[in-house]
Each structure stands twice: as structure tokens, then as C-alpha cells.
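These notes concern the structure reproduced below.
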Amino acid sequence: VVVNGNGSYMAAASAGTGIFVSIDGGDSWTQSLENTGAWSSLCMSDSGSIIYAAQNVGQIYVSTNNGTTWVQTSAPEAAWVAIATSYSGQYTTGIVSQGTIYYSTDTGTTWIEASGVPNSASWTGITCSSSGQYVAAVISGGSPGLYLSTDFGASWEADSSAPSGQDYASIASTGSAETLFAATSD
């Protein structure tokens, strides 16, 4: 489940049935995208108007009208683990299981493979700042386990100050991304 900034718009993915949206803070739900596969991740702009949905094995879809209609993006078919978007929804970054990182700077229209990341990493989580400029992603069991981008996901560097060898399960950040919260599966 993802929720916009003021809690009025929500989206939820359901295995086997699709994507559901609520425009009244969760009081009622409407199916907005029929099942097209297993969903791995959702993210939403602060206003709630832009919603991204990634398939566990498949594509990334985007809605720019609160889930009324959806478009398959040009992101490659992959085993998507998680996606994160800026408050505006313009900048989006996604991680691929046993793969790499892709980013979009145009509301999901085009996707570009990022540089500076290991191509077969066990990516488990991703987060970004409200502007989308700062992005962080974690690897399970990797050393180093934390990678950072300061250019909207285009290029990445390992963060050697983060504890290595951890089984990172997820990551979250404050709006400025000055503070990161990483969870391990230990």
C-alpha cells in the first residue's frame, strides 16, 4: 500500500486481482488495473496523481491521473524488486533482482541503465529524497551493502561507511535523504 502526502489517495496491489485505488483516504476502493501478473512494488507522488506499479517479473506501469488509466512504460522486462519516486513523480528509480538499477527522469517515459552498480547484486530496497536527486539502495549480504546516487539515479557509488556483510532487507529516508533507515533480516 502507498499513500500520498495528505493521506487522501492510496493504491494497493493484490496478487491475482490487480491494482486498487482509493481517493477518499481508504474508505472505498476501486480496481484500477486488472491483474497482469504479480506485483512487487508501488510508489506514488506526493499529490497522489502519479502512481507507479512494478511487476515481480515483467514491466513497470504508470498512471498520471490517480489510477484512472495506466500505461506500460518503456522499462525493460525484468524481475523488479522495488521502485521509488520523487514527490513530483518525475524522477523514478527501480532495482532489479540479481540485476542492476534503472532510472527515469521523465515520469517513466524513458528508462536508462545506471552506471557504477554491480550487475548481479541482490538488491532488496530503494528510497529517494523528495526531489529525487538523492537515491539510496541496499543489497542483501553484499559488501558493501549500501549504494548512493546524487544525480537522480544516473550514477552510483558504494558507501564504505555503512556496515558491510549485512543482510539488508529494506531502506527508507527522510524527505531530504540526509537520514537513512536501513533494516536487516538478522
Side-chain angles (χ1 to χ4, degrees), residues 1-5 10-15 37-46 51-62 73 75-87 89 91-105 108 111-186:
V1 175
V2 291
V3 182
N4 79 318
M10 300 177 175
S14 174
W39 302 101
S40 59
S41 183
L42 296 171
C43 61
M44 179 183 283
S45 65
D46 187 59
I51 309 167
Y52 292 90
Q55 292 177 316
N56 187 21
V57 177
Q59 302 293 327
I60 294 177
Y61 291 80
V62 64
T73 70
E77 185 169 330
W80 295 100
V81 174
I83 50 178
T85 194
S86 62
Y87 278 18
Y91 302 100
T92 306
T93 310
I95 53 177
V96 176
S97 176
Q98 300 299 318
T100 188
I101 297 176
Y102 290 87
Y103 70 97
S104 173
T105 60
W111 291 81
I112 302 165
E113 188 172 349
S115 64
V117 295
N119 285 332
S120 60
S122 295
W123 298 106
T124 56
I126 191 164
T127 188
C128 69
S129 63
S130 58
S131 69
Q133 180 179 355
Y134 302 101
V135 191
V138 289
I139 297 172
S140 176
S143 185
L146 174 64
Y147 282 77
L148 304 172
S149 171
T150 59
D151 56 4
F152 302 93
S155 62
W156 293 77
E157 290 186 10
D159 182 355
S160 60
S161 68
S164 62
Q166 298 292 314
D167 282 330
Y168 287 106
S170 63
I171 189 165
S173 68
T174 58
S176 65
E178 288 180 21
T179 304
L180 298 173
F181 306 93
T184 65
S185 59
D186 297 337

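Please read these numbers as outputs of a predicted model, since none were measured by experiment. The first residue of the sequence shown is numbered 1, and numbering continues consecutively from there.
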Should the heavy atoms of other residues, nucleotides or ligands under 6.0 Å from CD of E157 be counted, would the total exceed 12? no

Between OG1 of T85 and CG of D46, what distance do you get to the nearest 0.5 Å? 11.0 Å

Enter the distance from L148:CG to D159:CG here, rounded to the nearest 0.5 Å. 4.5 Å

Less than 4.5 Å apart, side chain to side chain, heavy atoms only: is that true for S115 and S155? yes

Return the minimal non-hydrogen interatomic distance between A11 and I51, and the atom names on each side. CB-CG2, 4.1 Å

Considering all heavy atoms of both residues, which atom of A13 and which atom of L42 are nearest to each other, and what is their separation? N-CD1, 3.5 Å

Parallel, tilted or perpendicular, as decided by the 30° and 60° cut-offs, for the rings of W156 and W123: tilted

Do P118 and I139 make a side-chain contact, defined as non-hydrogen atoms from C-beta onward lying under 4.5 Å apart? yes

Shortest non-hydrogen pair, S149 vs D151, comes out as OG-OD1, 2.9 Å

So, do S40 and V81 sit near enough that their side-chain heavy atoms are less than 4.5 Å apart? no

Measuring from atom CD of E178 to atom OG of S129, what distance do you get when rounded to the nearest 0.5 angstrom? 10.0 Å

Taking atom types as modelled, find out whether Q98 and S122 have a side-chain donor-acceptor pair closer than 3.5 angstrom. yes

Atom OG in S140, atom CD in Q166: separation rounded to 0.5 Å? 10.0 Å

Any idea which heavy atoms bring V3 and M44 closest together, and the distance? C-SD, 3.8 Å

Under the side-chain hydrogen bond (donor to acceptor under 3.5 Å, both in side chains) test, residues paired with Y52 that sit two or more places apart: T92

On a heavy-atom basis, which atom in C128 and which in S86 lie closest, and how many Å separate them? SG-N, 3.8 Å

Give a yes or no on this: more than 12 heavy atoms of other residues, nucleotides or ligands lie within 6.0 Å of atom OH of Y61. yes

How long is the gap from CG on L146 to OG on S160, to the nearest 0.5 Å? 10.0 Å

I101 pairs by side-chain contact (heavy atoms from CB on, under 4.5 Å) with which of I95, V96, I112, V135? I95

Result of checking Y134, Y102, Y91, Y103 against F152 for ring pair (Phe, Tyr, Trp, His ring centres under 6.0 Å): Y91

Atom of W39, atom of S14 and distance for their closest heavy-atom approach: CD1-O, 4.1 Å

